[in-house]
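What you are looking at is a predicted structure, and each value in this text was computed from that prediction instead of being measured.
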Amino acid sequence: QVQLVESGGGLVQAGGSLRLSCAASGRTFSRYAMGWFRQAPGKEREFVAAISWSGGTTRYQDSVKGRFTISRDNAKNTVYLQMNSLRPEDTAIYYCAARANLVVATTRGDYNYWGQGTQLTVSS
């Protein structure tokens, strides 16, 4: 069982930066691939970024490539999402997810555990 708690959301102006954090419980964090998803009002939850157990492999949604960076610190049981050059269309609830597998995945159904989400609002 893994419990995930996101933090770091808030209100930021377009062009600004923010870093989300996701703290995981449990001693086997390094055995999980991790991902970030987001859900805007009236839309489906969509993939944003993912990282393998070691951090050696990452994947991004095309719209965030070059702006967002996913990373992890296995010693701290934490995964991060650094978001730069934010746009109003990035406004959403951001969810952290854990996958009981070492390799990355980009599909919502591939993840076993989810956090409660943290709100990001980007003003124009």
Side-chain angles (χ1 to χ4, degrees):
Q1 187 76 12
V2 175
Q3 292 186 328
L4 305 171
V5 179
E6 302 96 336
S7 62
L11 174 64
V12 63
Q13 289 188 333
S17 298
L18 208 63
R19 188 178 79 162
L20 304 182
S21 299
C22 173
S25 65
R27 293 177 291 178
T28 59
F29 176 72
S30 62
R31 298 180 185 176
Y32 290 83
M34 301 295 294
W36 286 97
F37 289 73
R38 66 186 181 187
Q39 187 167 14
K43 295 188 177 181
E44 294 289 318
R45 192 172 300 186
E46 64 176 6
F47 168 75
V48 175
I51 189 167
S52 63
W53 71 277
S54 66
T57 301
T58 57
R59 294 286 185 268
Y60 296 93
Q61 183 198 111
D62 285 345
S63 69
V64 307
K65 284 181 181 177
R67 301 190 298 123
F68 290 11
T69 302
I70 189 172
S71 62
R72 66 189 295 162
D73 185 337
N74 287 343
K76 295 182 178 180
N77 281 15
T78 302
V79 62
Y80 305 97
L81 185 68
Q82 176 66 44
M83 304 181 292
N84 300 326
S85 302
L86 284 163
R87 305 167 180 169
E89 54 263 40
D90 294 319
T91 295
I93 298 174
Y94 282 71
Y95 296 91
C96 174
R99 180 169 187 248
N101 195 296
L102 301 181
V103 301
V104 298
T106 62
T107 303
R108 180 178 174 180
D110 287 327
Y111 287 82
N112 307 97
Y113 304 100
W114 293 84
Q116 293 299 306
T118 186
Q119 175 72 48
L120 168 68
T121 302
V122 183
S123 63
S124 57

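- Without hydrogens or angle criteria, D110 side chain to A105 main chain gives no donor-acceptor distance under 3.5 Å.
- Scanning all heavy atoms of the two residues, the minimum distance from A14 to P88 falls at CB-CD, 4.1 Å.
- Without hydrogens or angle criteria, Y60 side chain to I70 main chain gives a donor-acceptor distance under 3.5 Å.
- The main-chain N or O of G117 is found under 3.5 Å from a side-chain atom of E6 such that the two form a donor-acceptor pair.
- Closest of all the heavy-atom pairs between L11 and S123 is CD1-CB, 4.3 Å.
- Tracing side-chain contacts under 4.5 Å through hydrophobic residues (I, L, V, M, F, W, Y), one reaches V64 starting from L86; they form part of the same cluster.
- Between the side chain of Y111 and the backbone N or O of W36 there is no donor-acceptor pair closer than 3.5 Å.
- Rounded to the nearest 0.5 angstrom, T69 OG1 and N84 CG are separated by 6.5 Å.
- Taking a 6.0 Å sphere around CD of Q3, one finds it holds 12 or fewer heavy atoms contributed by other residues, nucleotides or ligands.
- Judged by a 6.0 Å distance limit and a 45° cone about the ring axis, R72 is positioned over the six-membered ring of F29.
- Looking only at side-chain heavy atoms (C-beta outward), W114 and R108 come within less than 4.5 Å of each other.
- Of the possible donor and acceptor atoms, one in the side chain of N74 sits under 3.5 Å from a partner among the backbone N and O of W53.
- Here the straight-line distance linking atom CD of Q1 with atom OG1 of T28 works out to 10.5 Å at 0.5 Å rounding.
- Separation of atoms CD (Q119) and CD (Q39) is listed at 11.0 Å; rounding is to 0.5 Å.
- Note on I51: it clusters hydrophobically with L4, by side-chain heavy-atom contacts below 4.5 Å among ILVMFWY residues.
- Judged by distance alone, with hydrogens and angles left aside, the side-chain atoms of R67 form a donor-acceptor pair with the main-chain N or O of S85 at under 3.5 Å.
- The side-chain heavy atoms of Y80 and D73, taken from C-beta on, include a pair separated by under 4.5 Å.
- There is no path of hydrophobic side-chain contacts, each under 4.5 Å, that joins L120 to F47.
- Side-chain N or O atoms of T91 include one that pairs as donor or acceptor with a backbone N or O of V122 at under 3.5 Å.
- Considering CG of L102 and OG of S52, their distance stands at 8.5 Å, rounded to 0.5 Å.
- Interatomic distance, OG of S63 versus CD of E89, reported as 8.0 Å (0.5 Å rounding).
- For R45 (side chain) and I93 (main-chain N/O), no donor-acceptor pair under 3.5 Å exists by modelled atom type.
- Linking Ile, Leu, Val, Met, Phe, Trp and Tyr whenever their side-chain heavy atoms come within less than 4.5 Å puts V2 and L20 in one cluster.
- Annotation: side chain of L81 is not in contact with side chain of R19 (no heavy-atom distance under 4.5 Å).
- Note on D90 versus R87: no salt bridge recorded, every NZ/NE/NH1/NH2 to OD/OE distance being 4.0 Å or above.
- Taken from OG1 in T78 to CE in M34, the straight-line distance is 9.0 Å, to the nearest 0.5 Å.
- Side-chain contact between M83 and V12: absent, with no pair of heavy atoms (C-beta onward) separated by less than 4.5 Å.
- The aromatic rings of Y94 and F68 sit tilted relative to each other, their planes meeting at an angle between 30° and 60°.
- Annotation for A98 and Y32: closest pair CB-CD2, 4.1 Å, computed over non-hydrogen atoms.
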